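Here's the structure, in structure tokens; my notes come after.
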Amino acid sequence: MINIVDDIRQSIKDLVKQSILKSIENGNIPEVEIPEISIETPREKQYGEFSTNIAMQLTRAAKKAPRQIAEMIINEINPEGTYVEKVDCAGPGFINFHLKNDWLYDALKIIQTEKEDYGKINIGKGQKVMVEFVSANPTGPLHMGNARGGALGDCIASVLEAAGYDVTREFYINDAGNQIEKFGISLEARYIQLLKGEDAVEFPEDGYHGEDIIEHMKEYINLYGDKLLDAEPSERRKELVNFALPRNINRIREGLEQYGIKFDVWFSEQSLYDSGELWETINYLKEKGWTYEKDNALWFKASELGADKDDVIVRSNGFPTYFASDIAYHRNKFLKRNFDRVIDLLGADHHGHVARMKAGVSAVGVDPSKLEIIIFQLVRLYRNGEIARMSKRTGKAISLTDLLEEVGKDAARFFFNMKASGSHLDFDLDLAVKQSNENPVYYVQYAHARICSMLRLLEGEGVKVPQIEDVNLGLLQTSEEIELMKKLAEFPDEIRICAQTLEPSRLTHYVLDVASLFHSFYNACRVKGEEENLMKARIILVDSTRIVIKNVLDILSISAPERM
RNA sequence: GUGCCUGUGGCUCAGCUGGAUAGAGCAACGGACUUCUAAUCCGUCGGUCGGGGGUUCGAAUCCCUCCAGGCACGCCA
């Protein structure tokens, strides 16, 4: 639960602030308002571990040259009792802080103490947050958009958990409304066609044309024959939907479980109809004056709440639109279930929904900033350097199941989390299955397996990971060791940034860095066979690296093999 | 036409709440296995950060504009 990087940043902030106050006191700097002191990590090693640009920011107010201000601040800094070893001024007026290595050794102690909890922080303070993602249309199989949304949403949820939030993963089942009607009509048409021939009935233009509809009906006929042929059509459709829908939902659930995703709540849209919440919400909007009638339909004044146009919530045929139930759904999230924050993941093809959904949330009296909608860009699959649309095996559109079969869960989840959600993603199917240095997943997993193998070998010789108190960590001095320790020390802060930006792609990059620094260390330094004290210190470093890689992969829900 | 996303070395991307010489990986080229896994490492090559303006001590990062690609603009979801 310790974020040592952040703690040090805070302590440096304090040092700087005290120093500026002192300089003002003794008249070296005129009385100015001190802006927020930002502490950054310089790219170049020569500039130390941390730096601040505060002197440059004070230039105008203090009416002095930035380097002059920097010098005065440095003169007044008293680093006693901190990790700071040296402070100097460089470039246009940066103040650079050089740290004693002790902070790195302390970081290793924290890792060895916290073990599988290392990285966890508590900026969430138990706040209730819902992440709603995938929410795929249950009328068909999961597609690539769902795959990316699934990987992203699940990792965002895991990161938030690691950051101390009380997280609920939720899947919204669109089991009501128009598309279910369409689903029923499609099933019915296939049912009749299968029993009475292709020409017995025309398949609706806007129906679901997928093979899976036909499959469902073949199975139904196998089980129940033609008993619905003379049934009343609406009853017949209902029966067929009741047959096929749960099967689809189960299939989706199983597919997602293979993908490493387990939802806490499967929320049914139909339940909003059944509980009356849907009409409650519509009537509430009416009462509050957020609606008007036009062309026999009921419109929601979204444009008065920031959207670019109004939208229909009840159609002229009396049926509510999807948007209406979505408002009711979000009202339920915030007002019935009291989530402090709600995060929705939507594919880029739904971005038009963002503004009006926020409008909907405001209209039911919820601060719209509590609803965060993440739009992720769509996926293009490549095979042999060309866009791949079809599954190798089935010849149909590539589903999540096909993807998992072809590249596996680890590669899929890693690749989908390698790019920021806002970036368009080209998924290279050939690369994802390649067992070589070109493939980043293996690179990371290999580092983990390599460490496990080292520790296994040592243990075989009776050398175990020592108790941290018995180790002289000060022996870790080479640049490879220092760089690796630094990276390990950053992990909790990395979680912090991921949780704040809701951008788990940082984690894949981070763990790649860890793996890379470890491999460099491995090639530069030996562990087994070194002088005992040095060996012990390096075992701690190696084991700490293992812990960090494992913890990151756990958050990504990617396996960390012990042998490869 | 309007709105959103994207444009960084041959390829895939980081960096984008402005900061110090623009970073990785892959590809290419040259090296390193009698010693803990070479699925690894070390080195070299490679960029007017899509173009053009502006804001300032300082811009890949902020603003404007243009260009290119993706997506969306339904009484569908």
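In what follows, chains are A, B, ... by sequence order, proteins preceding strands, each numbered from 1. Because the structure is predicted, anything quoted here is derived from the model rather than measured.
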Test: [X] and [Y] ion pair at under 4.0 Å:
X	Y	answer
A:R9	A:D493	yes
A:D426	A:R380	yes
A:E170	A:K333	no
A:E490	A:K487	yes

When you measure from the side-chain N and O atoms of [X] to the phosphate of [N], is any distance below 4.0 Å, counting only OP1 and OP2?
X	N	answer
A:R43	B:G23	yes
A:Y382	B:U12	no
A:S520	B:C42	yes
A:R450	B:C36	no
A:Y443	B:C41	yes
A:T59	B:G58	no

More than 12 heavy atoms of other groups within 6.0 Å of A:K409 NZ:
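Correct, the count exceeds 12.
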Same-atom distance ([atom1]) from [N] to [M], integer angstrom:
N	M	atom1	result
B:U65	B:A72	P	25 Å
B:C49	B:U34	C1'	49 Å
B:A20	B:C71	P	36 Å
B:G46	B:U2	C1'	41 Å
B:A60	B:G18	C1'	10 Å
B:U17	B:G10	P	26 Å
B:C11	B:G51	C1'	23 Å
B:A38	B:A24	P	24 Å

For nucleotides 71-77 of chain B, give me one character per nucleotide, 5' to 3': B if any protein heavy atom sits under 4.0 Å from the base, S if the only such contacts are to the sugar-phosphate, - if neither.
BSS-BSB
Both distances below 3.5 Å, Watson-Crick or wobble geometry, any strand: find the nucleotide opposite [N].
N	value
B:G18	none
B:G58	none
B:C49	none
B:G23	B:C13
B:U2	B:A72
B:A28	B:U44
B:G7	B:C67

Measure the distance between the ring centre of A:F94 and the centre of the six-membered base ring of B:A20, then answer whether it is under 5.5 Å with planes under 30°.
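Given the distance and angle limits, yes, they stack.
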If the plane angle is over 60° it's perpendicular, under 30° parallel, otherwise tilted; pick one for A:F171 and A:F263.
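Correct class here is perpendicular.
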Measure from the side-chain heavy atoms of A:N53 and tell me the nearest of B:A14, B:U21, B:G19.
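It is B:G19.
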Atom-pair distance ([atom1] on [X]; [atom2] on [N]), nearest Å:
X	N	atom1	atom2	answer
A:H519	B:A24	NE2	P	17 Å
A:R148	B:U6	CZ	P	11 Å
A:L507	B:A24	CG	P	21 Å
A:K45	B:G23	NZ	C1'	15 Å
A:R383	B:U12	CZ	C1'	19 Å
A:F521	B:C42	CZ	P	14 Å

Of A:R526 and A:P92, the one whose closest RNA chain B nucleotide lies more 5':
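The residue closer to the strand's 5' end, by nearest nucleotide, is A:P92.
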Check: residues 34-50 of chain A side-chain donor-acceptor pairs under 3.5 Å, at least two apart:
from, atom 1, to, atom 2, distance (Å)
A:E36, OE2, A:K13, NZ, 3.0
A:E49, OE1, A:L99, N, 2.7
A:E49, OE2, A:K486, NZ, 3.4

Distance to the ring centre below 6.0 angstrom and angle to the axis at most 45 degrees; does that hold for A:R450 and A:F518?
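No, A:R450 does not sit over the ring of A:F518.
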Base, sugar-phosphate, or nothing for A:P440, non-hydrogen atoms under 4.0 angstrom?
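Nothing: the residue A:P440, judged by heavy atoms under 4.0 Å, touches no strand.
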Would you mind classifying the nucleic acid contact of A:A449 as base, sugar-phosphate or nothing, using non-hydrogen atoms under 4.0 angstrom?
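Base contact.
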How would you label the glycosidic angle of B:C41: syn (within 90° of 0) or anti?
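It is anti.
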Side-chain-base donor-acceptor pair under 3.5 Å for A:S51 and B:A20
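Check passes, donor-acceptor contact within cut-off.
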Any donor-acceptor N/O pair under 3.5 Å between B:U21 base and A:Q46 side chain
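When only heavy-atom distances are counted, A:Q46 does reach the base of B:U21 through a donor-acceptor pair under 3.5 Å.
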So do A:L305 and A:W290 actually touch side chain to side chain, heavy atoms under 4.5 Å?
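A:W290 reaches A:L305 side chain to side chain.
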Taking side chain to side chain contact (heavy atoms under 4.5 Å, CB included) as the criterion, tell me which of A:L108, A:L541, A:I540 meets it with A:V471.
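When A:L108, A:L541, A:I540 are each tested with A:V471, the side chain to side chain contact (heavy atoms under 4.5 Å, CB included) holds only for A:I540.
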